[in-house]
Amino acid sequence: MLRVAVPLDDRSYPVVIGRGAVGELGDVLPSTARRAVIVTQDRVPLASEVTDVLGAAGLDVVVRTIGQGEPAKSLATIGDLSSAFAEVGLTRNDVVVSLGGGMVTDVAGFAAACWHRGTAVVHVATTVLAMVDAAIGGKTGVNLPQGKNLVGTFWQPSGVICDLDALDTLPDREWRCGLGEMAKYHFLTGDDLLALDLDERIARCVEIKAEVVASDERESGRRALLNYGHTFAHALEIATEHRIAHGEAVAIGLLFEAELAAELGRIDQARVDDHHRVVVEAYGLDHVLPAGLRADQLFDVMGRDKKALTSMTFVLDGDDGLEVVGDVPEAAVRTVLDRALAR
Ligand code: GLY
């Protein structure tokens with residue numbers, strides 16, 4: 001079993017990674033908890049294992065299932081969960097246990113953050129995307145009709161369990177989404193993550209994220225580097241009305257943003273080729289834009305990205321590694337966009 005610490009002073013917590021990691025769930029529960037509400041979805045693996053471990057730890061266990069997909073990531077779901085917490089008498093000493101992918105960890109984390117102004121949450125991540133990204137670092141939230149993740153909090157979990165047994169039944173598309181986020185980590189530190197086995201690679205991604213989060217928990221600067229590939233990815237998700245899922249879009253975004261960095265003279269073609277080698281050859285992810293996209297629409301959405309406080313902003317590679325770069329010349333973005341759309 002591998003263990004990585006997220007070092008945040010009195011809010012530090014362990015991430016446990018490996019087959020059978022759910023057996024360690026009892027060790028990351030708050031000692032005050034007498035009751036646990038498991039927040040999950042239909043057909044999520046490890047449901048009976050999690051219930052058994054919590055029962056064996058002496059907790060009363062209640063399960064609440066939320067809906068699937070982005071529409072269920074809503075304030076209405078937070079209202080339903082809060083009512084469920086009230087009905088079972090969940091106290092501030094108790095614990096919410098999320099069991100699922102990134103949508104579940106975001107929603108359950110937010111509900112726990114709001115319940116009695118802050119109740120402990122433990123994430124049991126069952127997708128690669130949740131293990132390497134969503135469950136780590138304390139971002140929680142839900143969507144509004146006006147946009148994704150617009151309402152949320154920073155609320156660190158008491159622990160995160162990444163049980164690789166859950167990945168045995170992970171659908172192909174979910175794998176692709178996780179691998180898109182995982183590919184991002186190759187460029188944050190320059191580590192040769194491809195040399196590592198899956199459990200070690202997940203642990204290394206968690207370690208990289210933990211280090212970034214510890215240095216800038218509330219994203220006043222450096223944490224934004226975790227959004228490499230995301231400016232173009234968000235535009236793509238919106239322009240395709242989410243027919244392209246987040247992690248798939250991140251894979252394409254990494255390649256787009258590498259080409260943009262080259263267009264701006266920040267990196268050479270060999271470095272762009274490195275991106276291609278990792279994203280396309282090693283992880284087998286798609287790099288071709290879907291047909292029918294309009295340059296104008298993608299361009300407009302990138303200008304409205306939430307990192308773009310005053311101008312077009314990207315995380316870009318360069319001699320000193322990744323950096324947040326504002327005031328990116330629109331002509332360069334246009335050139336790379338037109339080239340990508342013409343392929
Ligand atoms: N997913 C990016 C972050 O947690 O900051």
Side-chain angles (χ1 to χ4, degrees), residues 1-6 11-68 72 77-78 80-127 130-131 134-136 138 140 155-170 202 206:
M1 210 63 68
L2 301 171
R3 278 182 187 72
V4 176
V6 182
R11 286 161 301 108
S12 300
Y13 54 94
V15 182
V16 186
I17 302 138
R19 286 200 174 271
V22 90
E24 316 241 335
L25 174 58
D27 296 342
V28 300
L29 296 170
S31 58
T32 52
R34 299 287 169 266
R35 182 171 280 120
V37 176
I38 301 174
V39 177
T40 189
Q41 291 172 316
D42 287 334
R43 296 183 299 281
V44 171
L46 304 178
S48 58
E49 288 86 341
V50 168
T51 308
D52 289 351
V53 173
L54 294 173
L59 273 65
D60 287 338
V61 183
V62 176
V63 181
R64 282 291 175 272
T65 304
I66 62 174
Q68 308 279 342
T77 301
I78 299 302
D80 292 345
L81 284 175
S82 304
S83 296
F85 296 165
E87 277 159 21
V88 302
L90 195 75
T91 73
R92 236 184 133 199
N93 292 332
D94 291 326
V95 64
V96 174
V97 177
S98 76
L99 170 67
M103 184 273 197
V104 175
T105 61
D106 277 11
V107 169
F110 186 43
C114 298
W115 183 246
H116 291 316
R117 301 190 178 86
T119 298
V121 64
V122 171
H123 298 308
V124 181
T126 61
T127 65
M131 292 177 187
I136 315 297
T140 75
W155 186 243
Q156 300 295 343
S158 307
V160 180
I161 302 290
C162 303
D163 190 329
L164 271 55
D165 288 349
L167 304 181
D168 291 345
T169 52
L170 192 69
I202 290 174
V206 171

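Throughout, residue positions are numbered sequentially from 1 according to the sequence presented.
Counting only heavy atoms from C-beta outward, the side chains of V95 and V121 never approach each other to under 4.5 Å. Residues V122 and P157 form no side-chain contact, since every pair of their non-hydrogen atoms from C-beta on lies 4.5 Å or further apart. Using a 4.5 Å heavy-atom threshold, the side chains of V62 and I38 count as separate. With a 4.5 Å cut-off on side-chain heavy atoms, P14 and V4 do not count as touching. Proximity of L164 to I202: side-chain heavy atoms (C-beta onward) are separated by under 4.5 Å at one or more points. Here the side chains of L167 and M131 are in contact, with some heavy-atom distance below 4.5 Å. Within the 4.5 Å cutoff, side-chain heavy atoms of V97 are placed close to those of V50. Residues V16 and V160 are not in side-chain contact: their nearest non-hydrogen atoms beyond the backbone lie 4.5 Å or more apart.
Interatomic distance, I17 CD1 to M1 CE, rounded to the nearest 0.5 Å: 10.0 Å. Distance check: M103 CE to Q68 CD gives 7.5 Å after rounding to the nearest 0.5 Å. Taking OG1 from T126 and CG from L170, the interatomic distance works out to 7.5 Å, rounded to the nearest 0.5 Å. Interatomic distance, R11 CZ to Q156 CD, rounded to the nearest 0.5 Å: 6.0 Å. Expressed to the nearest 0.5 Å, how far CZ of R34 lies from CG of D60 amounts to 10.5 Å. With values rounded to the nearest 0.5 angstrom, L81 atom CG is found 11.5 Å from F110 atom CZ.
Between the side chains of T91 and D94, at least one donor-acceptor pair of N or O atoms lies under 3.5 Å. Using modelled atom types, one finds a donor on one side chain and an acceptor on the other under 3.5 Å when comparing S98 with H123.
No donor-acceptor pair under 3.5 Å is formed between the side chain of T127 and the backbone N or O of G101. The closest donor-acceptor contact from the side chain of T40 to the backbone of L99 lies under 3.5 Å. W115 places a side-chain N or O within donor-acceptor distance of the main-chain N or O of L90, the cut-off being under 3.5 Å. In terms of modelled atom types and a separation under 3.5 Å, the side chain of Q41 and the main chain of I66 share no donor-acceptor contact. Of the possible polar contacts, none joining the R35 side chain to the V61 backbone as a donor-acceptor pair under 3.5 Å is found. Listed for the W155 side chain is no donor-acceptor partner under 3.5 Å among the backbone atoms of A111.
Here the closest non-hydrogen pair linking V15 and C162 is CG1-SG, 3.9 Å. Of all non-hydrogen atoms in A84 and R64, the two that sit nearest each other are CB-NE, 3.3 Å. Nearest heavy-atom pair across N93 and T32 is O-OG1, 2.8 Å. The two residues A120 and S158 have their closest heavy-atom pair at CB-OG, 3.6 Å. Residues A72 and T77 share a closest heavy-atom pair of O-OG1, 2.6 Å. Of all heavy-atom pairs between D106 and T140, the closest is O-CB, 3.5 Å.
In this view, D42 satisfies the salt bridge (Lys or Arg N to Asp or Glu O under 4.0 Å) rule with no residue, not counting sequence neighbours. Taking R19 as the reference, D165, D168 meet the salt bridge (Lys or Arg N to Asp or Glu O under 4.0 Å) condition, with sequence neighbours excluded.
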